[in-house]
Amino acid sequence: MRTEEIISHSAAETIAAGERFARTWMQRSGTIVALRGDLASGKTHFTKGIAHAFAIDEHEISSPTFALANEYAITIDGKPGGMLYHLDCYRFERPEELLELGVEEYLYPHDGMTVIEWAERIEEYLPAERIDVRFETLSPTDRRITITPHFA
């Protein structure tokens, strides 16, 4: 599969990119999306767009840095579609903390999809089949978003 690159010029464009991404790539349970990038590079705004694609109010989405994970019921084409799990691994100093907290089921969801902010902090636990999304800050408003799918 090919890598896709998007240049966003605002938070609103990053949210719209997340929504388009979800409609294209997140059509089946078990999808894992690994978000990578510096602080304030657009990861949470992108996740808001993903949520909006599944009929979740984007204003409900916040980075779960201290909660670790947020769970949202999703709707696909007007029908219940399982769950959207939103993890934030920023506070992990050791990848093993993920297992110690008992949230490894988010890495292999049977009833939904998982979006992971700061995925590089748990690299060794990420499934091989996933979609990596990298955020690069180009200017105070511009971001490069690179989408790389990893599927067999």
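Each residue takes its place number in the sequence, starting with 1.
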Student check: side-chain heavy atoms of Leu87 and Val115 closer than 4.5 Å: no
Closest non-hydrogen atom pair, Thr14 against Ser8: OG1-OG, 2.7 Å
Side chains of Pro109 and Ile32 in contact at under 4.5 Å (non-hydrogen atoms): yes
Heavy-atom side-chain proximity of Met26 to Val33 below 4.5 angstrom: yes
Any donor-acceptor pair under 3.5 Å from Arg130 side chain to Pro127 backbone: yes
Ile116 and Leu107: CA distance, side-chain angles, deciding distance, side-chain contact (heavy atoms from CB on, under 4.5 Å) verdict: CA-CA 9 Å; Ile116 306 168; Leu107 298 178; 3.5 Å; yes
Distance-only donor-acceptor check, side chains Thr44 and Glu117, under 3.5 Å: yes
Sub-4.5 Å side-chain heavy-atom contact between Asp132 and His150: yes
Side chain proximity check, Ser10 to Thr141, heavy atoms < 4.5 angstrom: no
Shortest non-hydrogen contact from Trp118 toward Tyr90: CE2-CD1, 3.3 Å
Results of salt bridge (charged side-chain N to carboxylate O under 4.0 Å, His left out) for Glu120 - residues two or more places apart only: none
Test item: side-chain donor near acceptor, His86 and Asn70, under 3.5 Å: no
Minimum heavy-atom distance Thr146-Glu136, with the two atoms named: OG1-OE2, 4.2 Å
Ala55 versus Thr75, closest heavy-atom pair with distance: CB-CB, 3.8 Å
Nearest-0.5 Å distance that lies between atom CZ in Phe46 and atom CD in Glu19: 11.0 Å
Minimal non-hydrogen separation, Leu126 against Ala119, with atom names: CD1-O, 3.8 Å
Whether Tyr85 and Tyr106 hold their rings parallel, tilted or perpendicular, with breakpoints at 30° and 60°: tilted
Heavy-atom donor-acceptor pair, Lys43 side chain to Gly37 backbone, under 3.5 Å: yes
Phe135 six-ring face occupied by Arg36 cation (under 6.0 Å, within 45°): no
For Arg134, salt bridge (charged side-chain N to carboxylate O under 4.0 Å, His left out) partners two or more places apart: none
